[in-house]
Amino acid sequence: HLTRPRATKSPRPDIVIHGAALPPRDVSSIKGLAVTTMPRTVIDMAAVCDEETVDVALDAAIRKGMSSSQFLRRLDVIARRGRNGVAMIKKLVAERVTEQGLTESMFERLLLRALRKAKLPLPVCQMVVGDARVDFAYPDRHIVTEADGYRWHDGRAAFERDRLRISELAARGWRVLLVTWLQLKYRVEDVIDRVRRALDVMAPAR
């Protein structure tokens with residue numbers, strides 16, 4: 001997607017040209033190429049992308065150092081213009097108010113979305129347990145849920161470190177649930193059912 005002062009015919013079907021004047025505060029540069037700032041990019045994405053894509057992009061921008069206050073200021077100004085996607089982006093911002101911590105990958109964000117959609121309690125993101133940092137944790141129930149991405153396990157050393165970490169968590173009394181990308185993509189109902197059953201089994205004593 002390209003933005004110009006005036007909309008013109010696109011030279012290619014995979015390029016969309018938008019006609020709009022960009023204020024200087026919404027423009028940055030990468031290696032001399034003019035680009036929109038992270039806040040403006042995320043806000044613009046909300047007008048043309050689905051919610052799942054924008055949700056992942058918002059987390060990525062925050063991880064890369066996007067200022068929350070700067071983002072909210074720009075959203076407040078642009079929202080007054082009745083832009084498409086404003087309701088969506090406000091919803092995603094509101095959801096993060098109730099979340100504890102920030103996800104570190106698209107995989108984790110999609111897993112968190114699945115837990116929220118199923119109306120399960122939201123876990124703490126990127127919590128430190130002993131010497132390990134885990135993707136999601138329910139500290140009151142001693143449950144850890146890990147987005148088990150295959151690409152991170154290339155090599156015997158990485159595999160051994162990961163299994164040692166899981167064993168250490170188990171030794172400390174934590175129940176570890178591993179969720180693979182294929183499970184999340186094709187059998188999300190089974191994933192949610194496992195988390196729900198674990199939460200029921202490990203429910204705090206009353």
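Here the structure is a predicted model, which means the values were calculated and not measured. Reckoned from all heavy atoms, side chains included, excluding hydrogens, waters and symmetry mates.
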Engineer: With a 4.5 Å limit on heavy-atom distance, are the side chains of Glu146 and Ile166 in contact?
Structural biologist: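 No, their side chains stay 4.5 Å or more apart.
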Engineer: Mind checking what makes side chain to side chain contact (heavy atoms under 4.5 Å, CB included) contact with Ser28, not counting sequence neighbours?
Structural biologist: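 Side chain to side chain contact (heavy atoms under 4.5 Å, CB included) check on Ser28 returns Val35, Thr37.
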Engineer: Are side-chain heavy atoms of Lys117 and Val188 found at a separation under 4.5 Å?
Structural biologist: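 Counting from C-beta outward, Lys117 and Val188 never come under 4.5 Å.
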Engineer: Check the orientation of His1 and His18. Use parallel for under 30°, tilted for 30 to 60°, and perpendicular for over 60°.
Structural biologist: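 Aromatic pair His1/His18 classed parallel.
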Engineer: Do the side chains of Arg109 and Glu99 get close enough for a salt bridge, i.e. N-O under 4.0 angstrom?
Structural biologist: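 Looking at Arg109 and Glu99, the cut-off is met.
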Engineer: Determine whether Ser68 and Val93 make a side-chain contact, defined as any pair of heavy atoms from C-beta on separated by less than 4.5 Å.
Structural biologist: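 No, too far: nothing below the 4.5 Å cut-off.
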Engineer: Does a side-chain heavy-atom distance below 4.5 Å link Leu110 with Trp181?
Structural biologist: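 Yes. Closest side-chain heavy atoms under 4.5 Å.
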Engineer: Would you indicate whether the side-chain heavy atoms of Glu108 and Gln126 approach each other to under 4.5 Å?
Structural biologist: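 A side-chain contact exists here, since the closest heavy-atom pair is under 4.5 Å.
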Engineer: Could you work out, with side chain to side chain contact (heavy atoms under 4.5 Å, CB included) as the rule, every residue matching Ala60, not counting sequence neighbours?
Structural biologist: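 For Ala60, the residues satisfying side chain to side chain contact (heavy atoms under 4.5 Å, CB included) (neighbours in sequence not counted) are Arg63.
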Engineer: Crowded around Ile15 CD1? As in, over 12 foreign heavy atoms under 6.0 Å?
Structural biologist: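 Yes - once you tally the heavy atoms of other residues, nucleotides and ligands closer than 6.0 Å, there are more than 12.
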Engineer: Tell me, yes or no, whether the heavy-atom count around Arg116 atom CZ, taken from other residues, nucleotides or ligands under 6.0 Å, exceeds 12.
Structural biologist: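 Counting other residues, nucleotides and ligands, CZ of Arg116 exceeds 12 neighbours.
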Engineer: Within a strict 4.5 Å, meaning less than it, do heavy atoms of the Met66 and Leu58 side chains meet?
Structural biologist: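 Yes, close enough: below the 4.5 Å cut-off.
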Engineer: Could you tell me if the side chain of Pro39 sits less than 4.5 Å from the side chain of Arg25, heavy atoms only?
Structural biologist: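 No - every pair of side-chain heavy atoms lies 4.5 Å or more apart.
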Engineer: Does this structure show an ion pair linking Arg165 with Asp131, if we count only N-O contacts that are shorter than 4.0 Å?
Structural biologist: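 Salt bridge flag = no for Asp131 with Arg165.
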Engineer: Is it true that Arg197 and Asp193 have a side-chain N and a carboxylate O under 4.0 angstrom from each other?
Structural biologist: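 The answer is yes: the pair qualifies as a salt bridge.
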Engineer: Would you call Asp55-Lys91 a salt bridge at under 4.0 Å N-O?
Structural biologist: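 Answer for the salt bridge query: no.
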